[in-house]
Amino acid sequence: TYWGLEYIRINFDLVPRTTGVIGMLQQLKEARALMEEYLDLRRQMRDWHGVMDAAADIREIEAKISVLEALEANEG
């Protein structure tokens with residue numbers, strides 16, 4: 001969602017800093033933590049639409065993390 005992505009842009013460098021599965025996992029975990037902060041902020045503001053959007057973004061991030069963790073396990 002727009003506001004959730006804007007929150008990440010402000011607080012997180014979206015330009016890939018590392019390559020490989022481990023680097024991507026770290027970036028996604030950092031993005032997830034920021035989105036969790038954003039979700040808490042929206043909840044405190046009683047912005048239920050924002051809470052739903054943040055939750056959807058977190059679900060997408062977690063799906064990507066699951067795929068990368070499976071790839072990492074197969075590489076090991």
Measure the spacing between [atom1] of [X] and [atom2] of [Y] and express it to the nearest 0.5 Å.
X	Y	atom1	atom2	result
Asp47	Asp53	CG	CG	8.0 Å
Ile22	Glu69	CD1	CD	11.5 Å
Glu60	Met35	CD	CE	9.5 Å
Leu25	Arg32	CG	CZ	9.5 Å
Leu34	Leu39	CG	CG	12.5 Å
Arg42	His49	CZ	NE2	10.5 Å

Practice task
For the residue pair Ile61 and Lys64, establish whether any side-chain heavy-atom pair is separated by less than 4.5 Å.
Solution key: no
Problem - Within-4.5 Å side-chain heavy-atom neighbours: Trp48 and Arg46 - result: yes
Problem - Least distance between heavy atoms, Ala54 atom then Tyr38 atom - result: CB-CD2, 3.7 Å
Problem - Least distance between heavy atoms, Leu68 atom then Val21 atom - result: O-CG1, 3.3 Å
